[in-house]
Amino acid sequence: MGSFEVEGDRPADRFAGGTQGQEGVMGSLTFDSDDLEVTEEFLCRAYARMSIGSTTPESSRARIRRDAGASVSVDELDLDFEMTYSVAPLGRICLCVVHEGTVRDHVFQGVRDDFGPGDVVMFAPPDLPYAGRICDARYNITMLDPGLLDQVAAGSGRTLLEPVRLTGHRPHTPAAAERLRQTIIYMRDHVLGDPAAATEPLVVSAGTQLLAASVLAAFPNNAHTDPTAQDRVDAHSATLRRAIAYIDDHAHEPITVADIAAAAHVTIRTLQYAFRRHLDTTPLGYVRQVRLSHAHRDLLAAGPGDDTSVGAIAARWGFPHPGRFASLYRDMYGTSPSHTLRG
């Protein structure tokens, strides 16, 4: 019939990845079944209400692995049959990366398209249903909370006159699609799919924001960039001092640009402009500098006999990729983190 297995024991109110009140865990799960009804039931719980069908119900094996956080899930699906699908609105941004096989006759309001190996697409806007056919395909489904795009857009200084929407279902260019594909792989393998990294709140927060930023950079969207006249008036040194004090006190937590702006009593646009005017950086860029300084302090404090590693300290302060951490560290301190630890 089928099997369903959960790895990890971090409870959640529902599966990350749907809006139908699914139950599950933030962690990893696997599903394997050759029963079409069992597969449909699982997909309804894991994604949204849907109906599926097959021309070969006697041979309909589906294998799925999910790695999930609170606001992002990354799934690898392998279907060795042709499956039709009709899906209710997910309430989340749903991206598809095709590895093998094809997705045909994919439709949602105003769009009809076919996808093949290497294609990176948005299946549909969060509030629209969609339908199509999966033809003996192995593919990736990545879902994220739409609000993450608002956070990232605001953090990069874009003017938000309304919630951010992706206005096209394909990336701007093949290069943009490839960068997003690599980010999804990184999120799957080195953040959500790595048991050690997945337990570090700062690592998950940084990876989630990286993914949202990559989505925003890849797809056409409705965000704008110019600060307003009021933003310029409010972006004074007192605003900066309040923001810096909040960051210094909360650098060990997964804070967002919205959190910093609220603490400084200004809009996100004003906050962004204040950091650019006075420090020539962004709020999140400053957060990264502060966390680097904390990592530097921990490296210096580690004794020769300690079992502490550079990787563990980097992950503690939100740097899951050792090479990237080493590069940032060298730029700031002129030496490698391993040399600081040994010294």
Verdict with supporting geometry, His294 and Arg297, side-chain hydrogen bond (donor to acceptor under 3.5 Å, both in side chains) = CA-CA 5 Å; His294 282 291; Arg297 179 202 62 195; 3.1 Å; yes

side-chain contact (heavy atoms from CB on, under 4.5 Å) with Val215: of Thr142, Val164, Leu180, only one passes, and it is Leu180

Does a donor on one side chain sit under 3.5 Å from an acceptor on the other, for Ser214 and Arg179?
->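 Not at all, the side chains of Ser214 and Arg179 share no donor-acceptor pair under 3.5 Å.
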
Mind checking whether [X] and [Y] have side chains closer than 4.5 Å, heavy atoms only?
| X | Y | value |
| --- | --- | --- |
| Val111 | Tyr130 | no |
| Tyr85 | His106 | yes |
| Leu95 | Val97 | no |
| Leu148 | Gln209 | no |

Under the 6.0 Å and 45° cation-pi test, does Arg316 pair with Phe325?
-> no

Salt bridge check: are Asp80 and Arg61 linked by an N-O gap of less than 4.0 Å?
-> no

Do Asp78 and Arg138 sit within salt-bridge range, that is, some charged N less than 4.0 Å from a carboxylate O?
-> no

Heavy-atom pair with the smallest gap, counting every atom of Val203 and Pro320 | CG1-CB, 3.3 Å

Establish whether Val266 and Leu279 are linked, either directly or via other cluster members, by ILVMFWY side-chain heavy-atom contacts under 4.5 Å.
-> yes

Just how far is it from atom [atom1] of [X] to atom [atom2] of [Y], taken to the nearest 0.5 Å?
| X | Y | atom1 | atom2 | result |
| --- | --- | --- | --- | --- |
| Asp35 | Ser60 | CG | OG | 9.0 Å |
| Leu29 | Arg65 | CG | CZ | 8.5 Å |
| Met122 | Phe108 | CE | CZ | 5.0 Å |

May I have the step-by-step check of side-chain hydrogen bond (donor to acceptor under 3.5 Å, both in side chains) for Asp113 and His169, ending in yes or no?
-> CA-CA 10 Å; Asp113 205 348; His169 75 289; 2.8 Å; yes

